[in-house]
Amino acid sequence: GAVVSQHPSRVICKSGTSVKIECRSLDFQATTMFWYRQFPKQSLMLMATSNEGSKATYEQGVEKDKFLINHASLTLSTLTVTSAHPEDSSFYICSARDERGNTEAFFGQGTRLTVV
Amino acid sequence: AQSVAQPEDQVNVAEGNPLTVKCTYSVSGNPYLFWYVQYPNRGLQFLLKYITGDNLVKGSYGFEAEFNKSQTSFHLKKPSALVSDSALYFCAVRAGNNRKLIWGLGTSLAVNP
């Protein structure tokens with residue numbers, strides 16, 4: 001299947017700083033990528049849909065100024081958590097679908113963010 | 001409204017026994033159904049999907065699932081469980097051309113030696 005790479009896998013940052021998470025489709029082009037947040041022992045919460053070359057579409061309740069998404073190329077989307085607070089600590093996962101024919105989405109390895 | 005239900009938070013099964021993880025769904029239009037598995041602190045791995053055709057679909061690691069339109073179910077099964085199958089399993093559905101996946105809450109599978 002298609003490969004999605006997410007980096008970093010783990011990051012610890014201080015309150016008030018910003019953290020950037022990268023999501024790359026390694027062997028296909030993705031016009032759309034998805035960013036999820038997952039709390040311990042809970043399901044995935046879709047945060048936003050990242051659209052190549054245009055603005056991301058945010059889900060209700062997700063602060064677009066806090067979670068900045070940039071999808072500047074067909075293989076890279078980034079999520080920047082700005083002015084991070086301890087409550088932003090979570091597991092963030094990206095996914096992408098190879099729209100040439102596959103119907104399933106492929107996921108990155110996830111990023112464990114800890115804000116101290 | 002579109003939704004996915006995984007009625008069991010936890011499933012326990014002895015190694016070597018068959019396992020079933022349940023999933024029911026509600027969507028308008030033809031459903032695209034998926035199962036994913038998640039190991040601790042990892043992203044999700046695709047297991048199998050139903051788009052059209054045979055109701056019984058086979059996927060990775062010996063898993064299979066049966067699409068039942070009348071019962072709107074897509075239960076995940078495996079004839080003989082392994083301890084290494086212990087993980088979190090998610091069912092998801094997409095309605096036709098809709099880009100978003102609707103996720104179940106996940107079922108934690110524990111396979112005991």
Side-chain angles (χ1 to χ4, degrees), chain A residues 1-11 21-26 30-52 56-60 89-99 101-114, chain B residues 1-10 21 23 25 29-53 57 59-61 63 65 67 74 87-110:
Chain A
V3 179
V4 175
S5 177
Q6 187 173 341
H7 178 81
S9 59
R10 190 179 295 267
V11 58
I21 303 170
E22 293 186 347
C23 181
R24 295 180 184 273
S25 56
L26 295 186
T31 56
T32 305
M33 293 186 177
F34 301 89
W35 286 97
Y36 293 89
R37 184 172 178 176
Q38 186 180 31
F39 293 98
K41 298 185 179 180
Q42 292 191 25
S43 189
L44 301 172
M45 182 192 81
L46 179 64
M47 298 174 65
T49 302
S50 172
N51 306 298
E52 188 270 334
T57 305
Y58 289 83
E59 296 300 301
Q60 191 172 7
S89 298
S90 193
F91 194 58
Y92 294 86
I93 313 175
C94 71
S95 79
R97 187 160 63 94
D98 182 355
E99 297 173 12
N102 293 329
T103 48
E104 63 270 29
F106 294 93
F107 286 78
Q109 305 93 317
T111 298
R112 172 71 61 191
L113 171 63
T114 304
Chain B
Q2 299 182 109
S3 64
V4 174
Q6 292 181 242
E8 302 154 316
D9 291 337
Q10 173 111 17
V21 183
C23 173
Y25 65 91
N30 293 324
Y32 290 7
L33 294 152
F34 306 88
W35 275 101
Y36 287 85
V37 60
Q38 184 181 32
Y39 295 97
N41 293 310
R42 300 298 300 273
L44 276 68
Q45 295 179 34
F46 170 73
L47 278 180
L48 50 78
K49 65 182 177 184
Y50 171 83
I51 305 301
T52 187
V57 293
S60 306
Y61 312 121
F63 284 93
F67 170 61
F74 189 57
L88 192 56
Y89 290 80
F90 289 99
C91 180
V93 66
R94 183 160 64 89
N97 290 328
N98 194 321
R99 296 185 304 177
K100 293 182 187 177
L101 283 168
I102 308 299
W103 293 89
L105 294 180
T107 298
S108 178
L109 172 67

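Protein chains get the first letters and strands the later ones, always in sequence-line order, with residue 1 at the start of each.
R112(A) CZ to R42(B) CZ: the interatomic distance, rounded to the nearest 0.5 Å, is 12.5 Å. Between the CG atom in L44(A) and the CG atom in L101(B) there is a gap of 9.5 Å [rounded to 0.5 Å]. Distance check: I93(A) CD1 to Q38(B) CD gives 5.0 Å after rounding to the nearest 0.5 Å.
In terms of modelled atom types and a separation under 3.5 Å, the side chain of S43(A) and the main chain of G106(B) share no donor-acceptor contact.
F34(A) and W103(B) have their aromatic ring centers separated by at least 6.0 angstrom.
The two residues F34(B) and E104(A) come nearest to each other via the heavy atoms CE2-CA, 3.5 Å.
The environment of OH in Y39(B) is crowded: more than 12 heavy-atom neighbours from other residues, nucleotides or ligands sit within 6.0 Å.
For I51(B), the part sitting under 4.5 Å from any heavy atom of chain A is the side chain, from C-beta outward, and nothing else. Contacts between Q38(A) and chain B at a heavy-atom distance below 4.5 Å involve the side chain alone, from C-beta outward.
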